[in-house]
Amino acid sequence: MERKKTIYFTCITTIFGLMLAAGLQTTSHPKVRDTRDIWELRADLKKEQQLQQQLLLELEDYENKLRDYKQKQRSNREAVLHETVRELEQEAGLTEAKGPGVVLTIESFYPDHYVGPITEMVSPELLQRLINELNKYGAKEIAIADERITNTTAVRDVNGVTQIGDRKISSLPIEVKVIADDADMLYNRLTVSTIRDDFIVENLQLTISKPLAMVVIPPSHEKWNVKYMETVKAEKEEK
């Protein structure tokens, strides 16, 4: 009996202790209440709205900068592309060329008391020899009878007539325009070259002008036939 009383007392004491501990904990950590009035709440709300507005403005600024950056990238690509096309056109002889150089004139040459056939044209072989000689002496651009000479220009005989590219050269005199970085050197080398003797052998005279400050050479009129390329649609521009 005494033992049961001890057990009951222990249980009651334990329960009381737990209740007391819970009460103390509740007292030591009271629930915090929001004691701000309506004006303080409105002021805090206004601050939050201003912060949100500022963040939106910064986001818009970053988007504008990103858009400008992409636009500059597209503009730079277009500028580089245009510059590349311009350089390729120059290399292909599709644009007018200007610069210092000399002008050569090919015309008939007959010594006194000459008896024989009269030469009225220049052979393709002689013109090709002249072109090689000019290139050897630093020529950058050449035009024969206003026909631009490029890497693909053919100088050939077509039915007994000399043809440069698509143009027939059937009459004299003929002007050969040459542009060079050093026109003086080109002139000096041509004057001591044996190329003029080659022309005399064929009853032709090659006259070389003094170096000129400006020689104008027209663009090539050759027609380009592209066989293995086709136009593709341009890529969609970045948004």
Side-chain angles (χ1 to χ4, degrees), residues 83-114 116-158 160-224:
E83 179 64 20
T84 302
V85 170
R86 187 182 66 82
E87 291 176 356
L88 292 175
E89 287 178 342
Q90 287 181 342
E91 292 179 6
L94 299 178
T95 59
E96 185 181 74
K98 297 180 180 180
V102 296
V103 176
L104 290 69
T105 304
I106 303 172
E107 53 191 345
S108 301
F109 173 75
Y110 298 103
D112 295 337
H113 311 296
Y114 172 79
I118 298 176
T119 303
E120 295 181 352
M121 62 170 285
V122 187
S123 66
E125 294 78 15
L126 189 55
L127 284 179
Q128 191 61 61
R129 202 180 311 164
L130 174 61
I131 293 171
N132 293 339
E133 196 82 356
L134 293 172
N135 288 330
K136 184 172 69 173
Y137 294 150
K140 287 182 61 179
E141 303 292 347
I142 303 171
I144 301 176
D146 283 334
E147 189 68 29
R148 184 78 164 266
I149 304 299
T150 67
N151 293 332
T152 60
T153 303
V155 181
R156 59 190 185 276
D157 183 294
V158 178
V161 178
T162 299
Q163 183 168 310
I164 301 177
D166 298 326
R167 182 179 178 184
K168 294 181 179 180
I169 309 299
S170 58
S171 62
L172 296 175
I174 297 173
E175 268 194 350
V176 180
K177 298 178 181 178
V178 188
I179 292 176
D181 289 332
D182 192 338
D184 291 326
M185 184 185 70
L186 176 63
Y187 171 78
N188 293 333
R189 291 191 174 183
L190 284 174
T191 54
V192 298
S193 171
T194 59
I195 188 66
R196 291 190 295 178
D197 297 333
D198 296 335
F199 277 83
I200 289 176
V201 170
E202 295 194 16
N203 294 325
L204 295 170
Q205 179 174 318
L206 181 65
T207 305
I208 307 168
S209 74
K210 293 288 186 180
L212 302 172
M214 181 65 66
V215 175
V216 180
I217 292 181
S220 173
H221 300 100
E222 290 185 74
K223 296 180 180 179
W224 298 77

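For the numbers below, each heavy atom of this structure counts, side chains included, while hydrogens, waters and symmetry mates do not. Remember, predicted model here, so these are calculated numbers, not experimental data.
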Contacts of Asp181 meeting side-chain contact (heavy atoms from CB on, under 4.5 Å) (sequence neighbours excluded), chain-then-number -> Lys140

According to salt bridge (Lys or Arg N to Asp or Glu O under 4.0 Å), who are the partners of Asp146, at least two apart in sequence or on a separate chain? Lys177

May I have all residue pairs that pass salt bridge (Lys or Arg N to Asp or Glu O under 4.0 Å) and include part of residues 130-139, sequence neighbours excluded? Glu133-Lys136

So, do Asn135 and Ile131 sit near enough that their side-chain heavy atoms are less than 4.5 Å apart? yes

Closest heavy-atom pair, Leu172 versus Val122, reported as atoms and distance to 0.1 Å, is CD2-CG2, 3.8 Å

Rounded to the nearest 0.5 Å, what's the gap from CZ on Arg156 to OG1 on Thr162? Could you check? 11.0 Å

For Lys168, check salt bridge (Lys or Arg N to Asp or Glu O under 4.0 Å) against everything at least two apart and list the hits. none

Which pairs, with at least one residue in residues 93-104 and sequence neighbours excluded, count as a salt bridge (Lys or Arg N to Asp or Glu O under 4.0 Å)? Glu96-Lys98

Rounded to the nearest 0.5 angstrom, the CG-CE distance for Leu212 and Met214 is 10.5 Å

Any pair counted as salt bridge (Lys or Arg N to Asp or Glu O under 4.0 Å), so long as it reaches residues 188-197, sequence neighbours left out: none

Report yes if some heavy atom in the side chain of Leu134 is under 4.5 Å from a heavy atom in the side chain of Ile149; otherwise report no. no

When rounded to the nearest 0.5 angstrom, what is the spacing between OG in Ser220 and CD in Glu147? 6.5 Å

Is a donor on one side and an acceptor on the other found under 3.5 Å between the side chain of Thr153 and the backbone of Thr150? yes

Give me the atom names and distance for the closest heavy-atom approach of Phe109 to Gln205. CD1-OE1, 3.1 Å

Just jot down the side-chain contact (heavy atoms from CB on, under 4.5 Å) partners of Ala183, sequence neighbours excluded, or say none. Pro100, Pro211

Output for pair (Phe199 CZ, Leu127 CG), nearest 0.5 Å, gives 6.0 Å

Set of side chain to side chain donor-acceptor pair (under 3.5 Å) partners for Thr105, sequence neighbours left out: none

With sequence neighbours left out, what residues match Asp198 under salt bridge (Lys or Arg N to Asp or Glu O under 4.0 Å)? Arg129

Considering all heavy atoms, the nearest Ile217-Ile142 contact: CD1-N, 3.9 Å

Contacts of type side-chain contact (heavy atoms from CB on, under 4.5 Å), residue Asp157, not counting sequence neighbours: Pro124

Can you sort out the partners of Asn132 under side-chain contact (heavy atoms from CB on, under 4.5 Å), two or more places apart, ordered by chain and number? Gln128

